[in-house]
Trainee: 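Sharing a structure below in structure tokens format, with a few things to ask.
Along the sequence shown, the residues carry numbers beginning at 1. Read the numbers this way: they start at 1 and go in the same order the structure lists the ligands and their atoms.
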Amino acid sequence: MLAHFRGRRVICALFVTLLFSVFLLTSTYKEDLRESVDRWHNSWSDPQSTSQLRSPFDIFQSNGSSIHPHPIDTLLNRSIGSWQSLLAKRSYTQTQAASAYRARRGRHPPPHFDKWVQYAQAHGCVIVEDFFDQIYRDIEPFWGVPAEDIRRSASSSSKKISIRNGTASQSTDEWHFIRHYFDMFKTIEKYLPDVDIPINVMDESRIIVPWEEVGKLLGSSHTTQDMFITPLVHQYSTIEGDPQTPDDETAWSALVPYWDAVRVGCPPNSPGRQALSDTNFSSPPEFSSTWPEGSHLGYVSNWTSARDPCIHAHLRYLHGSFVEPISISTTTKMLPMFGGSKLPMSNDILLPAALYWHDEERFALQSRRISWNSKRNEVLWRGTASGGRNRAENWTRFQRHRLVSILNGTQIRMALRQQDELDTGLLNGTEKLPVIFPLPDQDLYPLQSSALGLLPEWIQVVSNVAFTWLACFPGTKSFGCSYTGQYYRKGFKMPFDRMFYAKYLPDVDGNSFSGRFRAFLQSNSVPIKATIYSEWHDDRLMPWMHFLPMDNTFVDLWAILEYLFSHDELASWIGSMGREAAETLLRKEDMLAYVYRLILEYARVSDDRRELMGWVEAQDSK
Ligand SMILES: *[C@@H]1O[C@H](CO)[C@@H](O)[C@H](O)[C@H]1NC(C)=O
Ligand SMILES: *[C@@H]1O[C@H](CO)[C@@H](O)[C@H](O)[C@H]1NC(C)=O
Ligand SMILES: *[C@@H]1O[C@H](CO)[C@@H](O)[C@H](O)[C@H]1NC(C)=O
Ligand SMILES: *[C@@H]1O[C@H](CO)[C@@H](O)[C@H](O)[C@H]1NC(C)=O
Ligand SMILES: *[C@@H]1O[C@H](CO)[C@@H](O)[C@H](O)[C@H]1NC(C)=O
Ligand SMILES: *[C@@H]1O[C@H](CO)[C@@H](O)[C@H](O)[C@H]1NC(C)=O
Ligand SMILES: CC(=O)N[C@H]1CO[C@H](CO)[C@@H](O)[C@@H]1O
């Protein structure tokens with residue numbers, strides 16, 4: 001009786017909780033809508049408003065001295081040209097695809113290449129050999145490792161997917177990355193040779209082999225590139241027996257600071273290799289007073305080098321991945337390890353990220369597309385303060401905190417005032433703001449808003465950026481946090497789809513790459529992206545044309561925004577180009593074609609007869 005009564009009470013309580021959470025959900029959702037719409041109108045349609053800006057376009061009305069051509073015009077022009085020449089290399093037939101392969105790779109294609117071409121064509125994939133470059137950056141060093149070692153290390157992994165006789169299996173289903181990848185491999189299992197595919201279940205990169213060592217491996221790899229040998233072996237070996245029971249023998253290291261594990265992967269003369277790790281992060285970071293290294297008049301000119309911590313050594317104290325990553329487990333041995341993202345100097349092998357395959361709700365475009373003209377002239381970002389483990393002693397160095405601060409008008413105003421006080425020596429007793437972003441510099445980035453003295457106000461008007469969780473350490477139950485609570489206001493959580501009502505979507509790294517990027521591209525808004533991570537799609541997206549690249553310090557962000565707001569038609573075009581790229585080159589079919597080809601290469605390099613293996617046209621193989 002009592003038990004029965006209790007049961008009813010529990011059910012009752014559950015029901016009330018359910019009702020309450022439904023209420024809470026709908027009300028925060030509404031509040032969120034109201035919040036941004038109100039904020040939007042109040043800022044300049046309210047006659048009482050003290051704002052000098054009647055619209056976000058006001059600052060462009062005065063006849064400012066904008067440069068002609070703007071550096072972004074030049075970069076965009078260059079990108080359009082590069083993209084056209086890339087697409088001109090498209091292969092339409094098996095013969096074209098094979099000769100493009102031989103020309104670019106210096107080898108014969110792997111066995112079953114003809115089947116791969118058929119698959120890609122049947123699924124409407126655009127075959128441009130360059131789109132697959134990442135596979136070769138990842139696989140090439142393994143030609144210097146004995147095939148038997150690759151196989152042994154792969155089969156000894158306890159977290160792997162195996163292919164045997166056209167069937168995929170997983171060694172464990174405890175990890176969601178493995179479950180998603182297993183699902184992905186299942187769809188193409190019948191095409192794949194026998195292999196073991198160790199999966200990285202962590203966010204962070206795992207394999208960082210010293211640069212000199214990679215050089216040696218690549219050296220031996222080149223000696224195996226021989227186009228004069230006619231491949232005699234046209235089939236992959238089978239692996240007898242079931243996938244091995246794991247006996248993971250790798251000694252994983254948790255070397256702290258992580259930067260010291262990472263920089264061995266940089267070339268000896270690079271700034272990154274030579275920069276000793278920083279360990280005192282208690283003061284706000286310092287920023288360079290020059291344009292970013294390798295930029296074109298301050299704007300990203302080479303997207304590969306802009307993402308490279310070996311070149312931008314200051315990232316060791318400006319990115320959470322190096323300040324304090326959540327987990328560290330690396331090795332300097334060249335072992336196969338597959339994952340969705342990696343640092344550019346690491347030797348992990350890239351797959352399309354599991355999140356992209358799985359279409360996780362948080363990261364997927366669900367609803368119908370919003371037309372450009374229905375989108376708001378707004379810069380929008382919501383998210384948690386991830387990026388590593390932020391603490392009182394180091395949070396000023398985290399990229400997400402930097403993004404939310406640099407797009408906060410109040411903080412810009414306070415930072416400028418503090419700078420004035422410092423310059424004039426008139427130090428006020430007012431509370432000091434830790435200034436964690438680079439201050440505006442009219443010599444480097446002439447801003448129209450700054451020229452009018454309206455940068456803080458302009459940013460306040462255009463930006464709708466906030467944290468939904470401060471992710472402090474030690475953790476807190478509510479949003480607030482003893483060391484960052486006073487600098488950030490809680491932004492209401494926003495369903496992912498609602499973000500696409502904003503034209504401009506900054507996208508920065510979390511604990512590793514940002515899983516939002518693909519959906520941002522699909523949304524036909526304009527992603528403004530900074531990252532240090534490499535992904536499978538890097539060779540098939542064109543910066544400036546499909547998305548806007550920015551420096552990892554965000555020093556160029558305000559200038560990029562001014563450019564976009566003053567070139568609405570062009571911005572709309574970039575949004576539509578990004579969408580087109582996502583819809584033709586980043587589909588699940590494209591991911592599968594990439595993985596299919598990757599596994600053919602991986603199976604060949606793991607095969608004892610690899611130097612004799614290859615595919616040739618029937619009429620050639622005499
Ligand atoms: C961009 O290219 C177009 C046509 O190729 C040319 O007319 C224009 O002057 C170029 N603009 C810049 C800034 O290079
Ligand atoms: C491999 O699979 C095929 C069918 O897909 C089956 O006929 C064959 O017996 C299998 N071979 C082995 C060794 O299991
Ligand atoms: C870290 O740097 C701050 C100032 O930048 C200094 O006050 C503090 O003593 C330093 N801490 C350590 C452990 O060196
Ligand atoms: C871009 O930078 C990378 C890495 O620093 C370099 O290898 C590549 O040659 C550069 N590309 C161009 C077009 O300059
Ligand atoms: C100092 O603070 C007072 C009040 O807080 C303010 O009115 C004054 O303008 C400040 N002085 C400077 C130089 O910012
Ligand atoms: C902007 O900065 C001010 C001052 O630090 C802070 O009070 C406010 O909450 C910040 N806004 C957001 C959205 O974080
Ligand atoms: C890499 C590094 O030194 N991270 C530090 C961040 O701050 C905490 C607290 O001081 C240290 O424990 C970490 O080592």
Side-chain angles (χ1 to χ4, degrees), residues 31-32 35-36 38-40 42-43 162-169 186 188-195 235-243 256-257 276-287 317-318 323-324 378-385 390-419 430-437 439 455-472 478-494 499 502 506 508 554:
E31 195 151 357
D32 183 28
E35 174 207 35
S36 52
D38 282 358
R39 202 184 48 71
W40 191 244
N42 282 345
S43 28
S162 300
I163 314 284
R164 294 290 184 274
N165 192 27
T167 303
S169 64
K186 270 276 165 210
I188 48 171
E189 59 186 359
K190 66 174 180 215
Y191 303 109
L192 303 181
D194 290 3
V195 279
Q235 294 302 328
Y236 295 90
S237 303
T238 53
I239 302 181
E240 295 305 325
D242 290 333
V256 182
L276 300 180
S277 57
D278 228 337
T279 46
N280 184 352
F281 299 123
S282 56
S283 61
E286 280 176 20
F287 293 92
Y317 56 77
L318 285 172
V323 173
E324 194 173 345
E378 187 174 67
V379 185
L380 187 139
W381 190 87
R382 282 290 184 290
T384 61
N390 81 78
R391 311 182 190 235
E393 297 88 350
N394 63 24
W395 70 272
T396 62
R397 312 311 187 90
F398 280 67
Q399 65 276 9
R400 290 188 162 195
H401 293 78
R402 182 159 65 251
L403 180 75
V404 177
S405 287
I406 202 172
L407 291 174
N408 178 330
T410 310
Q411 291 205 12
I412 302 170
R413 189 176 301 115
M414 288 169 80
L416 290 172
R417 196 189 308 137
Q418 275 177 211
Q419 193 191 30
T430 46
E431 192 205 349
K432 281 273 166 287
L433 172 84
V435 179
I436 66 171
F437 51 86
L439 288 168
L455 174 66
E457 186 162 8
W458 189 67
I459 289 299
Q460 201 147 345
V461 158
V462 299
S463 137
N464 180 0
V465 168
F467 279 128
T468 54
W469 189 249
L470 289 177
C472 292
S478 59
F479 178 79
C481 158
S482 60
Y483 54 92
T484 48
Q486 63 268 47
Y487 307 120
Y488 302 105
R489 163 179 77 67
K490 181 178 168 114
F492 292 98
K493 269 214 176 101
M494 193 174 277
M499 295 192 182
V508 301
F554 315 149

Trainee: If we count only N and O atoms by modelled type, under 3.5 Å, do the side chains of Asn408 and Tyr488 hold a donor and an acceptor together?
Mentor: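 The answer is no; no qualifying pair exists.
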Trainee: Is the backbone N or O of Ala466 less than 3.5 Å from a side-chain atom of Arg489, with the two atoms forming a donor-acceptor pair by type?
Mentor: no
Trainee: Would the distance check show the side chain of Tyr487 and the main-chain N or O of Gln411 forming a donor-acceptor pair, the cut-off being under 3.5 Å?
Mentor: no
Trainee: Check step by step if side-chain hydrogen bond (donor to acceptor under 3.5 Å, both in side chains) holds for Arg397 and Asn390.
Mentor: CA-CA 9 Å; Arg397 312 311 187 90; Asn390 81 78; over 6 Å; no
Trainee: Do ligand 6 and Arg489 have nitrogen or oxygen atoms that lie under 3.5 Å from each other?
Mentor: yes
Trainee: Counting each atom of ligand 6 from 1 as listed, which ones have a heavy atom of Asn408 under 4.0 Å away?
Mentor: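 Close to Asn408: 1 (C), 2 (O), 3 (C), 8 (C), 10 (C), 11 (N), 12 (C), 14 (O).
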Trainee: Find all atoms of ligand 6 within a distance of less than 4.0 Å from any non-hydrogen atom belonging to Val465, and give their numbers and elements.
Mentor: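 Contacts of ligand 6 toward Val465, numbered from 1: 13 (C).
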Trainee: Is Asn394 reaching over with its side chain to a backbone N or O of Glu324, donor-acceptor style, under 3.5 angstrom?
Mentor: no
Trainee: Tell me which residues fall inside the under-4.0 Å heavy-atom shell around ligand 3.
Mentor: Asn280, Ser282, Ser283
Trainee: side-chain hydrogen bond (donor to acceptor under 3.5 Å, both in side chains) between Ser282 and Asn280: does it pass, once the steps are laid out?
Mentor: CA-CA 6 Å; Ser282 56; Asn280 184 352; 2.8 Å; yes
Trainee: Strictly distance-based, threshold 3.5 Å: is any side-chain N or O of Thr468 a donor or acceptor partner for the main-chain N or O of Phe492?
Mentor: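 No, Thr468 side chain to Phe492 backbone: no donor-acceptor pair under 3.5 Å.
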